[in-house]
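What's counted below: heavy atoms across the whole structure, side chains too, no hydrogens, waters or symmetry copies. Each chain gets a letter, A, B and so on, in the order the sequences are listed, and its residues count up from 1. On a predicted model such as this, the values are computed, not experimentally measured, just so you know.
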Amino acid sequence: MSPSHQLPKNYDIEEVETRWQSTWRDEENYFDPVSSKPQFIIDTPPPYPTGNFHIGNALNWCYIDFIARYKRMRGYNVMFPQGWDCHGLPTEVKVEETHGITKNDVPREKFREMCRDLTLTNIEKMRATMRRLGFSTDWSHEYITMLPDYYRKTQASFLQMLKAGDIYQSEHPVNFCTRCETAIAFAEVNYAPRTTKLNYFDFDGVEIATTRPELLAACVAVAVHPDDERYRGMKGKRLTVPIFGHDVPIIEDVAVDPEFGSGAVMICTFGDKTDVYWWKQHSLDLRKAIDRQGVMTATAAPYEGMTSEACRKAILADMEESGILKRQEELEQRVGTCWRCKTPIEILSERQWFVRVHRDDIMDAARRVSWTPEHMFTRMENWAESMEWDWCVSRQRIFATPIPVWFCTACGEMVIPAEEDLPIDPTVDKPKAPCPKCGGSEFTGEKDVLDTWMDSSISALHVTGWDGTGKPPYFPAQLRPQGHDIIRTWAFYTILRAKALVGSHPWDEILVNGMVLGEDGFKMSKSRNNIIAPEEIVGQYGADALRQWGAGGAATGSDIMFSWNDVVAASRFQTKLWNIFRFVMGHLEKGADPEAPVTELTDRWLFVRLSETVAEVTAAMEGYQFDRALRAIREFAWNTLADDYIEIAKGRLYTDDSSRDSACSALRTTMDVLCRLLAPIIPHFAEECYHNLAGRSVHAEAWPDFSYTDDEARRHGDLLVKTIAELRRYKHDKGMALNAPLGHVMIYAPEPVDDAGDAGRALNADAHWSTGTPRLEEVVSGVDFNMAVIGPTLRKQARGFMQAVEALPPELLKNPPATVTVDGEEIPVPPASFTPKVAYRVAGEEVDVLTLGDVVVTIGHQP
RNA sequence: GGGCUCGUGGUCUAGCUGGUUAUGACGUCGCCUUGACAUGGCGGAGGUCCUGAGUUCGAAUCUCAGCGAGCCCA
């Protein structure tokens, strides 16, 4: 017999999920600008449109979607926008590759157009994946940073900060990638280990150790530690630089490490960050030996025109030949590299644009944000404390937001556009008025463009309705979800910009998610061949299974290993739920009074458990602990509902008894609540069930407000479940089938229990409850201590007390004395500090006896 | 070198403010085709809770040190 006449036996994941995805309407997820509900705006991460929505994105978006759906059910006016952070080098590189050109082969605007075309194609691919994962995105709040509507705001934000003095241009050493031919920010520098040679050579009589001999031409001083006896009295002397012949001073500085190399270091402009520090501290000269392409300049003649690599070899060869190279040592070092292309960065002094970093302001704002997990705040703090230079925001690239300024050709005055004229491209557009200083009409547009983080760091302003000035109408956003890998960039810069432009923190809360690792425990990468694409998972097990993996795979915030096991377990859970649901629907279809009250013990017990589950899941969702939420739901559905409740109440459902209606009501309510609890995590499955149950969409329903207390039902129900479990074990141990008939069963409990016959039907036995005492011989076999009472009450005497109690004669264990003797001292026996363990012996009758706590069960041998 | 996180049966994992059968999943072994489900049910085996010291009547849980892993930064 089919349990339900309406529902198919198998849950067809692909069919159900795609059916609902084509049924749901985008409008259902739109933020309502005139709603009276409290707002919940999520400042979602705008991914880089690579064309692949990878599994790390998927995890992040699962979290966001759980929250968005949950908050909607809790009555919030939710905004779940979708941005695309388009600008940047990878797209330029891809375009160059695909078209077989370099950026300078075509006009700038043509190149940008190619980049835009590629980006739009990629966005389309990623949108498709996102839809298949069932995210409740508000597509009416999509933003694309490369389009005029958005980069107009980026330019407006630039001008506002420029006018406020928070942006300035200056010649200053910057990190420079010679392959990308652009300046980059510290946040874009990664450090990679590498083995290099430390070269010792004779520098006009002083031994110097350096890893960068090619920078000899850029040497501007030699530094030693002031306490270093070897160089006592050398300060102020001048040395002649080998090969190049210019003079440099000897200086003293405590930052020199006397233990490293020879204790004397040559300062070049610039070998590393420390050189910049010394250069500033001691007002040294500037000698540029390497240019933007990484090629030696005229300063480095006769090595001019060589790459720095070739120059290094040539200089070392020349040093060796002239006998000044003394020896070389292997050295492990960590070298700064460009995060996009892995090329070692150079530090070049360049005219660039900078954003002022007001560290204390930023940290004040960061402290007003609630961080989950809390320790992620420390990362922000550490990063802010280590910032030494301002944020370099200019880039010498093409596909990016143009810096909207011109310079007067005649007098050099900087001219900026009016806000209403934005967006502009200063290399194409012209100022509308002559130069205010000299009246000149010839201008040069700024060719530099902005760091892409200048685009994405105003996302919080954009989604809260910013139009380029003033305070956004919905500011601040409620939540920023993001990965911990971009705390030093996106989170840091967003706080910086919100503080600078609006004067306050951008969001109330930030939820930081972990990284997804491959099944082997390592970061997913092509070289390890451990990449799993979301499409692969969805194709086999569906979006809901992937979402369950995201919810349950790890505690929110910690890194999560991908595991096919978890996905399979997730899909099995859905199968189990589907069978539960079919079973329930089958019984509801057979007819049941929907208004019938829930009266029977087992049914009321189920409600108690359901009520506890709702409380637990709600608390977990409030704290973004999706793993706890899912675990509580699974535990309830699989163990409490399926294994315990249904197995016990099943027999009653097949009767015509009036108590059947009570069970049907309990099941109807339970399925209703369960669907709502599941809705944020597995929206397709929950929708399919709920529609069959209630004929409406579960996603338009409120979060369940189910609260039920019934102490008696809880006590008696627990007793019933425990007793039946024990009798199942009894049958199992006897080698009986679980549905095999059992003889006369008497359950002696301390309180009268009315189970409506459930125990008898579940056990296929003639079962009766009694408060009497079985006529059995009772034997005290030991004692159970209640440490939660004994520990705090007796402290150091606890051990002695327990020994004293164990020594008591059996009859005193059943009727405890007022005091016991511990170390010769009479101490009072705390109430409820122990209970005797009681065993029962058969007294004449041929019965088996089971004891569980204070319940005794006797089982007759034959029916 | 500094900071952060973590170290629990074969594998992955829960265990937040300390309390005596340490959770679950996968795997494994045995029994059961019971009127929702064999993608199932019931039961079992399997753990020095990384190591050492300390605090405590009591430590997987708190403190310190060590070892190891990952991430971030110098």
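An OP1 or OP2 oxygen of B:rG41 is reached within less than 4.0 angstrom by a side-chain nitrogen or oxygen of A:K576. At the phosphate of B:rG15, neither OP1 nor OP2 sits under 4.0 Å from any side-chain N or O atom of A:R631. Within the 4.0 Å cut-off from OP1 or OP2 of B:rG24, not a single side-chain nitrogen or oxygen of A:W638 is found.
Residues satisfying the side chain to side chain contact (heavy atoms under 4.5 Å, CB included) test with A:R359, not counting sequence neighbours, are A:A384. Every salt bridge (Lys or Arg N to Asp or Glu O under 4.0 Å) that A:E388 has, sequence neighbours left out, goes to A:K273. Every ring-ring contact (aromatic ring centres under 6.0 Å, His included) that A:F66 has, sequence neighbours left out, goes to A:F626. Under the side chain to side chain contact (heavy atoms under 4.5 Å, CB included) criterion, A:I531 pairs with A:M524, A:K526, not counting sequence neighbours. Not counting sequence neighbours, the partners of A:E15 by the salt bridge (Lys or Arg N to Asp or Glu O under 4.0 Å) test are A:R19. Scanning for side-chain hydrogen bond (donor to acceptor under 3.5 Å, both in side chains) contacts around A:Y624 gives A:E509, with sequence neighbours left out.
A:D643 comes within 4.0 angstrom of the backbone, heavy atoms only, and of no base. Within 4.0 Å (heavy atoms only), A:I646 reaches at least one base atom of the nucleic acid. Residue contacts for A:A740: at a heavy-atom cut-off of 4.0 Å it reaches no nucleic acid atom on any strand shown. Heavy atoms of A:R634 sit nowhere under 4.0 angstrom from any nucleic acid atom. Contacts of A:W549 with the nucleic acid, taken as non-hydrogen atoms under 4.0 Å apart, are absent. A:K650 comes within contact range of at least one nucleobase, with a heavy-atom separation under 4.0 Å. Base contact: A:E647 has a heavy atom under 4.0 Å from a base atom.
For A:S386 and A:K9, each mapped to the nucleotide of RNA chain B holding its nearest heavy atom, the one lying further toward the 5' end belongs to A:K9. Each of A:A788 and A:E388 was matched to the nucleotide of RNA chain B holding its nearest heavy atom; the match closer to the 5' end belongs to A:A788.
A:N579 and A:R582 share a donor-acceptor pair across their side chains, judged by distance under 3.5 Å alone.
Pair assignment for B:rG47: none, as no Watson-Crick or G-U wobble contacts are both less than 3.5 Å. The partner of B:rC4, taking Watson-Crick or G-U wobble pairs whose two distances both stay under 3.5 Å, is B:rG70. Taking a pair to require two hydrogen-bonding distances under 3.5 Å in either a Watson-Crick or a G-U wobble arrangement, B:rC64 pairs with B:rG52. Using the Watson-Crick or G-U wobble rule with both distances under 3.5 Å, B:rA14 pairs with nothing in any strand shown. Across every strand in view, B:rC57 sits in a pair with B:rG19 that passes the Watson-Crick or G-U test at under 3.5 angstrom.
Atom NE2 in A:H732 sits roughly 8 Å away from atom P in B:rG43 (whole-Å rounding). Straight-line distance from the CD atom of A:Q574 to the P atom of B:rU39: 16 Å, rounded to whole Å. For the pair A:F581 CZ and B:rU39 P, the computed distance is 22 Å after rounding to whole Å. Atom CZ in A:F626 sits about 17 Å away from atom C1' in B:rA14, given to the nearest Å. Between the C1' atom of B:rG43 and the CD atom of A:E726 lies a distance of 12 Å, rounded to the nearest Å. A:E616 has its CD atom 12 Å from the C1' atom of B:rA14, to the nearest Å. In this structure, A:N639 places its CG atom 13 Å from P of B:rG40, rounding to the nearest Å. Rounded to whole Å, the distance from CH2 on A:W564 to P on B:rA25 is 21 Å.
Distance check on atom C1': B:rC67 versus B:rG52 gives 10 Å, rounded to whole Å. Across the C1' atoms, B:rG35 and B:rG10 are found 39 Å apart, a figure rounded to whole Å. On the P atoms, B:rG68 is 28 Å away from B:rC16, given to the nearest whole Å. Rounded to a whole angstrom, the distance from the P atom of B:rG40 to that of B:rC26 is 8 Å. Between the P atoms of B:rU61 and B:rA25, the separation comes to 25 Å (whole Å). Across the P atoms, B:rG15 and B:rC57 are found 29 Å apart, a figure rounded to whole Å. Distance check on atom C1': B:rG19 versus B:rC29 gives 34 Å, rounded to whole Å. For B:rG9 and B:rA53, the C1' atoms lie 26 Å apart once the distance is rounded to whole Å.
Panel note: side chain A:K590, backbone A:M585; no donor-acceptor pair is recorded below 3.5 Å.
Aromatic ring centroids of A:Y541 and A:W549 lie 6.0 Å or more apart.
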Could I get a table of every N or O pair under 3.5 Å where one atom is in the protein and the other is in nucleotides 1-12 of chain B?
from  : atom 1 : to     : atom 2 : distance (Å)
B:rG3 : O2'    : A:N382 : ND2    : 2.6

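Ring-plane geometry between A:Y11 and A:W578 is classed as tilted, the angle between the planes lying from 30 to 60 degrees on a 0 to 90 degree scale.
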field: Base versus backbone protein contacts along nucleotides 54-60 of chain B [heavy-atom cut-off under 4.0 Å; B, S, -]
entry: ---B---
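Residues A:T793 and A:S833 are not in side-chain contact: their nearest non-hydrogen atoms beyond the backbone lie 4.5 Å or more apart.
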Please report, to 0.1 Å, the donor-acceptor pairs under 3.5 Å made by any side chain of residues 630-650 of chain A, with sequence neighbours excluded.
from   : atom 1 : to     : atom 2 : distance (Å)
A:R634 : NE     : A:Q548 : OE1    : 3.4
A:R634 : NH2    : A:Q548 : OE1    : 2.7
A:Y645 : OH     : A:D603 : OD1    : 2.5

